[in-house]
Amino acid sequence: MNHPYFTLQLIFWIALFIVFYTYIGYGLLLYLLVKVKEAFAKPHPTPTEGERPDVTLFITAYNEAEVVDAKMENSLALDYPHEKLHIVWVTDGTTDDTNERLRTRWAGTTTVLFAPERQGKTAAMTRGMKLIETPLVVFTDANTMLNKEAVSRIVHAFDNPKVGCVAGEKRIAVQTRNGAAAGGEGLYWRYESTLKALDARLYSAVGAAGELFAVRRELFEEMERDTLLDDFVLSLRIAMKGYLIAYCSDAYAIESGSADMREEQKRKVRIAAGGLQSIWRLKPLLNPMRYGVLSFQYISHRVLRWSLTPILMFALLPLNIILLKLLYTSVETSPGIVTLYSVLLLMQVLFYLAGLWGYYLSSHQLKNKLFFVPYYFLFMNVNVLKAIGYLRKRHGNGAWERARRA
């Protein structure tokens with residue numbers, strides 16, 4: 001108790017536990033909780049599919065002339081009655097040929113809501129939603145393509161009156177030539193999809209991705225104009241009202257991975273900054289006494305990743321070195337303890353070296369999935385730290401620069 005390294009040891013092990021829990025432990029615990037729940041839960045009858053309601057496919061776009069035709073072809077090929085599917089583009093601030101193409105080649109098949117001033121995606125969503133009348137709204141990005149059954153599957157999930165939002169699955173199209181950016185992003189989203197599915201089976205998915213999600217129109221609420229993760233904030237505010245966020249893996253959006261790691265960095269810094277911003281704006285959700293299981297899922301799946309865990313992860317290496325130095329100078333130290341901390345230090349060093357080698361391979365356009373994993377993992381966590389500076393410097397109305405896709 002009196003040793004100078006006792007407090008450091010306590011900090012080290014708490015930090016190690018939180019890092020492990022955030023990235024691996026929560027997934028394992030979630031899997032076990034789902035299995036226990038489903039072992040004792042009574043099976044619910046599958047709801048019969050009733051008359052399909054009118055649905056708006058809501059696309060917020062800025063200078064998307066390159067993908068307009070492909071997106072419209074994809075949208076019109078969706079397996080949903082055409083007379084009930086209303087395609088709406090909100091193109092505020094657009095200066096390229098997006099509006100012209102929609103109003104000429106695709107005249108009669110879509111509605112274009114345009115305002116000359118660019119105020120950001122969140123402001124465009126709010127303005128557009130005031131003009132929507134259908135009971136269900138499916139949000140999707142201009143540069144993502146949906147599977148044919150996507151809207152039908154999402155609408156079916158709303159047969160449960162407790163469901164207020166449905167999150168579709170995001171998939172990354174990884175081409176053979178793609179490197180760490182697309183490969184790492186694809187692996188990340190496969191893991192994320194697994195966690196989302198388990199979250200939904202336990203109670204509710206924790207947020208939705210803007211590539212594909214849907215809400216009941218009456219549950220949409222105006223968000224702060226500078227909101228970075230509008231999809232995440234909107235979906236969780238719906239959950240905070242007592243509704244569930246269903247996860248529908250049969251409805252998916254496919255998009256290309258980032259063109260390179262520099263472009264991927266733009267996305268990750270912005271997403272992490274949005275996560276930090278969301279923690280503040282959704283702070284009542286941190287109270288498990290009020291929100292129960294949803295708070296547990298939110299803190300475990302989201303909050304730790306965007307706040308404490310990256311700091312603790314990068315602190316483990318210097319803490320490990322300091323502890324070993326103190327242990328070597330102590331006459332009362334057990335050899336077994338020294339060996340334990342030596343092994344932990346070696347594992348950390350090897351992991352960082354693997355990440356650096358992955359960075360070297362990526363920068364030289366050399367493919368190696370084994371080393372891309374530690375590189376992408378470290379890359380994501382570094383960008384969480386960079387996000388703090390991004391938030392401090394950021395000013396404006398919510399407009400942002402998108403990353404180039406492969």
Side-chain angles (χ1 to χ4, degrees), residues 49 52-62 64-91 98 101-102 105-106 109-113 121 124-125 128-129 132 134-159 163 165-175 182 185-186 189-190 192-193 196-197 200 205 207-217 220 230-232 234-235 245-258 267 402 405-406:
E49 189 171 343
R52 291 191 276 189
D54 281 42
V55 177
T56 294
L57 189 66
F58 193 101
I59 307 165
T60 308
Y62 171 73
E64 295 284 9
E66 293 181 0
V67 297
V68 162
D69 293 339
K71 183 64 176 181
M72 283 301 301
E73 289 170 1
N74 176 254
S75 300
L76 292 173
L78 293 171
D79 184 17
Y80 202 80
H82 284 190
E83 69 276 9
K84 291 181 177 290
L85 183 63
H86 309 273
I87 304 172
V88 173
W89 288 71
V90 185
T91 59
T98 298
R101 295 191 72 82
L102 288 170
R105 180 173 179 180
W106 303 104
T109 61
T110 185
T111 299
V112 180
L113 304 176
K121 182 180 179 182
M125 285 177 64
M129 282 298 291
I132 301 302
T134 61
L136 300 178
V137 182
V138 178
F139 295 93
T140 180
D141 287 342
N143 64 343
T144 60
M145 302 300 147
L146 310 183
N147 64 307
K148 188 177 181 180
E149 302 80 15
V151 174
S152 296
R153 301 295 187 188
I154 285 174
V155 169
H156 185 53
F158 280 109
D159 288 343
V163 171
C165 173
V166 178
E169 182 172 298
K170 174 180 175 178
R171 298 183 182 180
I172 302 298
V174 180
Q175 307 296 329
E185 188 183 2
W189 277 105
R190 285 196 293 274
E192 267 298 292
S193 296
K196 285 184 178 182
E211 287 77 10
L212 178 60
F213 76 107
V215 302
R216 298 186 187 274
R217 178 179 53 82
F220 180 89
D230 45 80
D231 44 12
F232 184 75
L234 172 60
S235 57
I245 303 173
Y247 182 70
C248 187
S249 59
D250 292 334
Y252 55 86
I254 301 176
E255 69 175 3
S256 300
S258 297
R267 294 184 62 254
R402 68 181 181 183
R405 290 290 177 178

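Keep in mind it's a predicted model, so treat the numbers as computed, not measured.
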Side chain to side chain contact (heavy atoms under 4.5 Å, CB included) for T91 and E64? Distances and angles first, verdict last.
CA-CA 9 Å; T91 59; E64 295 284 9; over 6 Å; no
Considering non-hydrogen atoms only, spot the tightest contact between [X] and [Y] and give its length.
X	Y	value
S235	G207	OG-CA, 3.3 Å
A167	I245	CB-CG2, 4.3 Å
A150	A251	O-CB, 3.5 Å
Y80	P53	OH-O, 2.5 Å

Would you compute the distance between atom [atom1] of [X] and atom [atom2] of [Y] and round it to the nearest 0.5 angstrom?
X	Y	atom1	atom2	value
F58	T134	CZ	OG1	10.0 Å
L57	F139	CG	CZ	10.5 Å
K170	E255	NZ	CD	4.5 Å
R171	S193	CZ	OG	7.5 Å
T111	I132	OG1	CD1	8.0 Å
L85	T109	CG	OG1	10.5 Å

Per the salt bridge (Lys or Arg N to Asp or Glu O under 4.0 Å) rule, what does the pair list look like for residues 77-91, sequence neighbours excluded?
E51-K84, D54-K84
Taking side chain as C-beta onward, heavy atoms only, is I154 less than 4.5 Å from L212?
yes
Check whether the side chains of T140 and K71 place a donor and an acceptor atom closer than 3.5 Å, and report yes or no.
yes
Can you name the residues that form a side-chain contact (heavy atoms from CB on, under 4.5 Å) with [X], not counting sequence neighbours?
X	value
A197	Y247
E149	N147, R153
A124	T60, V90, D92
R101	V68, D69, D97, R105

What pairs with [X] under side chain to side chain donor-acceptor pair (under 3.5 Å), at least two apart in sequence or on another chain?
X	answer
D141	K121
T98	D96
K196	none
S75	none

Using modelled atom types only, decide if a donor and an acceptor are shared between the side chain of T144 and the backbone of A253 within a distance under 3.5 Å.
no
Looking at F158, does the NZ or CZ of R216 lie under 6.0 angstrom from its six-membered ring centre and within 45 degrees of the ring axis?
no
Looking at I87, V55, L146, which one forms a side chain to side chain contact (heavy atoms under 4.5 Å, CB included) with L78?
L146
Per the side chain to side chain contact (heavy atoms under 4.5 Å, CB included) rule, which among V151, V166, V155 passes with L136?
V155
With K148 via salt bridge (charged side-chain N to carboxylate O under 4.0 Å, His left out) - residues at least two apart
none
